[in-house]
Asker: 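Have a look at this one before I ask anything.
Both backbone and side-chain heavy atoms feed into the values below; hydrogens, waters and symmetry mates do not.
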Amino acid sequence: MSRTKPPLWLRWTLTGVAAALVALTFGIATAQADLSLGPHEATYSVTADDSLVADLGPLGTVVTDSPLPLTLGVRITVHEIPADLSAVDTASFDALVGDLDGYLQFFDSPQQTVRTVAWALIWDAVRGAGAAAVVLVAAGFGVRALLGPARRRELGRTLTPRTGKITGGVLVAALVAATVTASAGPEDRATLPASPVFEGTALEGARITGRLASVIDTYSGQLVETYQANEVFYAGARERLNEAWDERVAHEEAAEAGPQPSGSASGTPEGTDYVTFLLVSDLHCNTGMTPLIRDLADRLRPDVMLNAGDTTINGTSVESVCVDSFASAVPDGVPFVVSDGNHDSRLTTATELANRQIVLDGDVVEVEGVRILGDRDPLETRIGGGTVMAREETPEEAGDRLRDVACDAAGEPGLGGFTGEERVDLLLVHQPAVGDAALESGCVPFQISGHMHKRIGPDVVGYGVRYVNASTGGATKGNASVGPLRDSSEMTVLRFDPERRQFVDWQLVEVTTEEAVVGERQPIPPTVPLPDEVPGDDAGSVLSGIGSSPSPSAQDN
């Protein structure tokens, strides 16, 4: 009895499905991502044991349930851990205790960490599957060419009736191989007791293994106490901020219902459609502020959000989770414009761009009809390493360059102003002093900065106005910003009139260690009028020599 020959389309379909599944299995089984865990760099790998295992080398492991679907797990190999037990001395544990703030960042935003890791692993798995598919296709055509037509016909007569069995065998073999190669080892983790120190945290139910498990339990207890104190503080701060904002809105609505002067700072003149900005700066990886920024943004619904720089502390890859956390506070569809600071880095910029943020790079960008100019800070500051020039340009030279860009956009100086229709509306730079030349030239009417960790202004400087935002992360000079606030955290709401092309008012939102305050809207001071007649053609120098307000000096903040 002869066997029925499967149709050609079915044979090709089964072959394609088998190849795709083999490639996908390979991609998943070999997926890796180099990211971070708390203050340490770490490598994440996919396994098939349905557990998340943080491998701390000789210190042991932390084991918890896997966040991945099916029976997939994750192994985290943490770097910067002593290579053997003889290296684990008192100094090592002192260093670990000093890393508490870094671990706190992980506990602050575990969901964001999981999302970042998941997407990185998925992307690496897709790349691996694609590479495997290319290899399989190339191998198939190579074998086909080597066999020749006669041998292919002979094999076809033999193998075609067994297409289904061969396909199934290939799939089973691939799955078994993936399971064996990705298995986490012989240890039966199901019998390990859950560590009590993780109760009430994102790692509740985790088990600790290894010869130093009791030491890690003690250290983890210290971490969890810090985490719980942090959670209590920011939960209270969040509640106080929401109450303060709702009270301010109710007060303004009551004031607007009554008679008020036309054009006052507390109200919007009839027919005016302002562009609303929410400004943050100097976050310095204090992800505890993320929910508060998100709540304020959800209530305010700004048209644009601004970041005046220093999102991180040292600009390391480990701190990418901080950038991701703050990005999650931005409402969908709201542009987020960033001028990177001296504590940020090119790695910080890459993460911001991956979050679809607008990172200023020396060119004018138009956002919601507002023309914004800015650039990354010309200096880089690293904890323990001091401050160095990030490129072959001093802060003064960077300021002159930005002035020239602004003056080119403003056009020629004329009677009472400039002739250009593309005049810059806002200069956003991290260090205030970098904007001196642009403000004194008259080519920039308004500047926003951070860096000083204290609020300054808004003040008239040259022919423009400058506003310096204090630290949104609550950072003070010489102190870290992670954990409960040591100083006040400030955010600022600003409104821009697109008809008059000027910022009209500002409103301070302040969170302290004990209260939250939402201030009244205050008018932006008027700028100094440009001369009626301006001799010469060089807009960058024609107004030089005109007095200006003292400028904040650059500091290693």
Asker: Please confirm whether the backbone N or O of Thr276 pairs with a side-chain atom of Asp303, one donor and one acceptor, at under 3.5 Å?
Answerer: yes
Asker: Within a strict 4.5 Å, meaning less than it, do heavy atoms of the Leu426 and Leu306 side chains meet?
Answerer: yes
Asker: Are any of the side-chain nitrogens in Glu252 or Arg521 under 4.0 Å away from the carboxylate oxygens of its partner?
Answerer: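 Counted as a salt bridge, because a side-chain N and a carboxylate O are separated by less than 4.0 Å.
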Asker: Does the side chain of His451 pick up a donor-acceptor pair with the side chain of His343 at under 3.5 Å?
Answerer: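 Per modelled atom types, His451 and His343 side chains form no pair under 3.5 Å.
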Asker: Centroid separation under 6.0 Å, is that true for the rings of Phe503 and Phe277?
Answerer: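 Centroid distance Phe277-Phe503: below 6.0 Å, so yes.
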Asker: Is the side chain of Thr312 donor-acceptor paired with the backbone N or O of Cys285 at a distance under 3.5 Å, no angle test?
Answerer: no
Asker: Can Arg376 and Asp344 be counted as an ion pair, charged N to O under 4.0 angstrom?
Answerer: no
Asker: For residues Tyr463 and Val528, determine if any side-chain heavy atom of one lies less than 4.5 Å from a side-chain heavy atom of the other.
Answerer: yes
Asker: With a 4.0 Å cut-off, would you call Glu380 and Arg382 a salt bridge?
Answerer: yes
Asker: Just by distance, no angles: are the side chains of Ser317 and Glu319 close enough, under 3.5 Å, to form a donor-acceptor pair?
Answerer: no
Asker: Would a 4.5 Å heavy-atom cut-off, applied to side chains only, mark Glu368 and Pro335 as touching?
Answerer: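 Yes, their side chains come closer than 4.5 Å.
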Asker: Which of these, Asp340, Asn307, Asn342, Asp377, sits in a side chain to side chain donor-acceptor pair (under 3.5 Å) with His430?
Answerer: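 Among the candidates, only Asn342 passes.
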Asker: Any side-chain to backbone donor/acceptor pair from Thr472 onto Leu283? Under 3.5 Å, distance only.
Answerer: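 Not at all, since once roles are kept as given, no pair shorter than 3.5 Å links the two residues.
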Asker: Should the pair Trp506 and Tyr467 be assigned to parallel (<30°), tilted (30 to 60°) or perpendicular (>60°) ring geometry?
Answerer: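 Tilted.
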Asker: So that I can tick it off, tell me whether Asp404 and Arg401 are bridged by a salt bridge, with the cut-off set at under 4.0 angstrom between side-chain N and carboxylate O.
Answerer: no
Asker: Got a salt bridge between Asp505 and Arg495, using NZ or NE/NH1/NH2 to carboxylate O under 4.0 Å?
Answerer: yes
Asker: Can a salt bridge be assigned to the pair Arg391 and Asp375 using a cut-off of 4.0 Å between side-chain N and carboxylate O?
Answerer: yes
Asker: Can we say Arg299 and Asp246 salt-bridge, meaning some charged N sits less than 4.0 Å from an Asp/Glu carboxylate O?
Answerer: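 Yes, Arg299 and Asp246 are salt-bridged.
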Asker: Roughly how far apart are Met491 CE and Leu508 CG, rounded to 0.5 Å?
Answerer: 9.5 Å
Asker: State which residue, out of Asn286, Leu292, Thr287, fulfils the side-chain contact (heavy atoms from CB on, under 4.5 Å) condition with Thr290.
Answerer: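 Exactly one option meets the side-chain contact (heavy atoms from CB on, under 4.5 Å) with Thr290, and it is Thr287.
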Asker: When rounded to the nearest 0.5 angstrom, what is the spacing between CD in Glu352 and CG in Leu347?
Answerer: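 One finds 11.0 Å between CD of Glu352 and CG of Leu347.
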Asker: Does Glu490 pair with Arg455 as a salt bridge, N-O distance under 4.0 Å?
Answerer: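 Salt bridge flag = yes for Arg455 with Glu490.
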Asker: Can you tell me if CD on Glu366 sees more than 12 non-hydrogen neighbours from other groups inside 6.0 Å?
Answerer: yes
Asker: Can you measure from CD1 (Ile313) to OG1 (Thr348) and round to the nearest 0.5 angstrom?
Answerer: 11.0 Å
Asker: Donor-acceptor check, side chain of Ser345 to backbone of Asn314, threshold 3.5 angstrom: yes or no?
Answerer: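 Here the side-chain-to-backbone pair does not exist.
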Asker: Does the side chain of Asp425 come within less than 4.5 Å of Arg501's, by heavy atoms?
Answerer: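 Arg501 reaches Asp425 side chain to side chain.
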